[in-house]
Amino acid sequence: MNSNINKTNSFDPFEDRICEKLNTIESKIKGDSNRDWTVAVFEILSELKKINNKIACSKLDEKLKDCGEWLFDYVEYSENQIIHNQTEISILSDIHLIAEIEWSFYTQKNYFIDIKYDFEKLLVGKSNYRLFIFEHKDLTFITESINSFKTIAKNFEKFETDERILFAAWHKGQGKFYFENFVK
C-alpha cells in the first residue's frame with residue numbers, strides 16, 4: 001500500500017483498489033478546475049469497472065460511458081436481456097457502485113450542510129458499494145464530518161445491515177486522500 005494513503009480500518013479488496021487508484025489522481029488531472037478533478041476520479045473508477053458492466057456518468061468521455069448521469073454522479077451497473085412483447089430489451093440487474101463528489105464548497109459557511117444532502121443520496125441508493133468524495137483543508141473537519149455521516153447512516157432506518165460506504169476526503173492541507181469506510 002502506498003504510504004500516501006491514510007486508512008483508518010480494514011477495507012475489502014474492491015475498496016482497497018479504489019483507494020490505491022485514487023491515490024494516483026494527481027497524475028491523471030489535466031488541469032486545475034473542479035471539473036478536471038471530477039473527470040480524473042471518474043476515469044479512475046471506470047478503470048475498475050467489472051467486465052460487461054456499464055457506466056452512467058455525464059462527465060466521462062463518450063467512449064468510457066454507456067449513458068449520461070443517472071440519479072448519482074457516477075453509477076456502475078449491469079443489465080440482463082429479457083423478452084418483453086416479443087422484443088428483446090435490457091433491464092437493470094445490479095448496481096455495483098454509486099458515487100457522489102463534492103469539491104470546493106469548503107470555503108462556504110454551511111459546507112457540511114451543503115455536502116450532507118449529496119451524502120444522503122447515497123443512503124437511498126441500492127448498490128454493492130457507495131463512494132463519497134469531498135475535500136477540506138483541515139483534517140479535523142474531515143474526520144468530524146465522516147463521523148457525522150456515519151451517525152446519519154446508522155440512524156437512517158432504510159440503510160440496512162452490511163451496506164457499505166467508502167469515504168475519500170481530499171485533504172487539501174496535505175495534498176492527499178484520507179480514507180475511511182463504514183459498514184452498518
Side-chain angles (χ1 to χ4, degrees), residues 1-49 55 57-61 63-65 69 72-76 96-123 125 127-153 164-183:
M1 185 68 54
N2 189 314
S3 63
N4 202 29
I5 295 178
N6 286 328
K7 291 183 10 179
T8 60
N9 45 9
S10 64
F11 292 40
D12 82 356
F14 182 66
E15 290 166 332
D16 274 334
R17 288 183 25 230
I18 291 173
C19 294
E20 289 171 8
K21 292 293 255 176
L22 283 176
N23 195 45
T24 68
I25 192 166
E26 290 184 294
S27 67
K28 298 192 178 289
I29 297 172
K30 296 176 175 78
D32 196 31
S33 71
N34 291 338
R35 179 172 170 53
D36 294 326
W37 279 77
T38 299
V39 168
V41 167
F42 294 150
E43 287 175 356
I44 287 167
L45 295 177
S46 73
E47 293 170 8
L48 298 171
K49 178 180 75 100
I55 295 173
C57 180
S58 64
K59 293 180 178 60
L60 273 175
D61 187 271
K63 68 181 185 257
L64 297 176
K65 67 182 178 184
E69 189 172 310
F72 304 96
D73 293 339
Y74 181 95
V75 180
E76 180 187 335
H96 184 64
L97 171 67
I98 56 178
E100 282 292 318
I101 300 175
E102 297 305 319
W103 301 116
S104 83
F105 298 111
Y106 72 90
T107 58
Q108 296 178 8
K109 181 179 179 182
N110 295 319
Y111 178 57
F112 178 80
I113 299 302
D114 292 340
I115 64 174
K116 179 184 84 67
Y117 295 115
D118 282 288
F119 166 75
E120 288 173 333
K121 290 192 312 187
L122 294 177
L123 297 178
S127 179
N128 302 327
Y129 293 94
R130 293 160 188 82
L131 173 62
F132 187 63
I133 297 175
F134 67 103
E135 71 175 334
H136 203 275
K137 61 183 177 188
D138 180 44
L139 185 58
T140 300
F141 179 89
I142 288 170
T143 58
E144 287 174 356
S145 295
I146 291 172
N147 287 334
S148 295
F149 293 140
K150 288 178 180 181
T151 298
I152 292 166
R164 317 177 71 83
I165 302 170
L166 175 60
F167 297 96
W170 181 254
H171 184 194
K172 286 188 76 82
Q174 293 185 358
K176 63 182 177 180
F177 275 106
Y178 174 87
F179 296 99
E180 216 174 298
N181 70 345
F182 171 73
V183 181

Checklist entry - Can we call the ring centroids of His171 and Tyr178 under 6.0 Å apart? => result no
Taken to the nearest 0.5 Å, the spacing of Leu45 CG from Ile101 CD1 works out to 7.0 Å
- request: Indicate yes or no for a side-chain donor-acceptor contact from Asp118 to the backbone of Ile115 under 3.5 Å, with no hydrogens or angles considered.
  value: no
Between Glu76 and Tyr74, do the side chains contain a donor N or O and an acceptor N or O under 3.5 Å apart?
no
So, Asn110 side chain and Ile113 main chain: donor-acceptor pair closer than 3.5 Å or not?
no
**Message:** Tell me if the aromatic rings of Phe179 and Phe167 count as close, with their centers under 6.0 Å from one another.
**Reply:** no
Looking only at heavy atoms, the pair that brings Phe11 and Leu166 closest together is CE2-CD1, 3.2 Å
Q | Cationic N near anionic O, under 4.0 Å, Glu15 to Arg164 | A | yes
side-chain contact (heavy atoms from CB on, under 4.5 Å) filter on Asn128, not counting sequence neighbours, yields Asp94, His96
With sequence neighbours left out, the residues meeting side-chain hydrogen bond (donor to acceptor under 3.5 Å, both in side chains) with Thr151 are none
Item to complete: Taking the six-membered ring for Trp and the full ring for Phe, Tyr or His, determine whether the centres of Trp37 and Trp170 are under 6.0 Å apart.
Response: yes
Plane angle bin for Tyr129 and Phe14 - parallel if under 30°, tilted between 30 and 60°, otherwise perpendicular
tilted
For Ala153 and Phe182 the tightest heavy-atom approach is CB-CE2, 3.6 Å
dist Ile152:CD1 -> Asn147:CG (nearest 0.5 Å) comes out at 11.0 Å
d(Ile98 CD1, Arg130 CZ) to nearest 0.5 Å is 5.5 Å
* To do: Take Phe119 and Phe112, measure what ring-ring contact (aromatic ring centres under 6.0 Å, His included) needs, and give me the verdict at the end.
  => CA-CA 10 Å; Phe119 166 75; Phe112 178 80; 8.7 Å; no
Rounded to the nearest 0.5 angstrom, the CZ-CD distance for Phe132 and Glu102 is 6.0 Å
When rounded to the nearest 0.5 Å, the distance separating CD1 of Ile133 from CD of Glu100 is 10.0 Å
For Ala99 and Phe72 the tightest heavy-atom approach is O-CB, 3.9 Å
Evaluate the ring planes of Phe134 and Tyr111, with Trp represented by its six-membered ring, and classify them as parallel (under 30°), tilted (30 to 60°) or perpendicular (over 60°). tilted
The side-chain contact (heavy atoms from CB on, under 4.5 Å) partners of Lys28 (sequence neighbours excluded) come to Thr24, Ala40, Ile44, Glu47
One should read off an interatomic distance between Asn23 CG and Ile25 CD1, to the nearest 0.5 angstrom, of 10.0 Å
Closest non-hydrogen contact found for Thr38 with Trp103 is OG1-NE1, 2.8 Å
Stepwise salt bridge (charged side-chain N to carboxylate O under 4.0 Å, His left out) test for Lys30 and Glu43 = CA-CA 12 Å; Lys30 296 176 175 78; Glu43 287 175 356; 3.5 Å; yes
All heavy atoms of Leu22 vs all of Ala168, minimum pair found to be CD1-CB, 3.9 Å
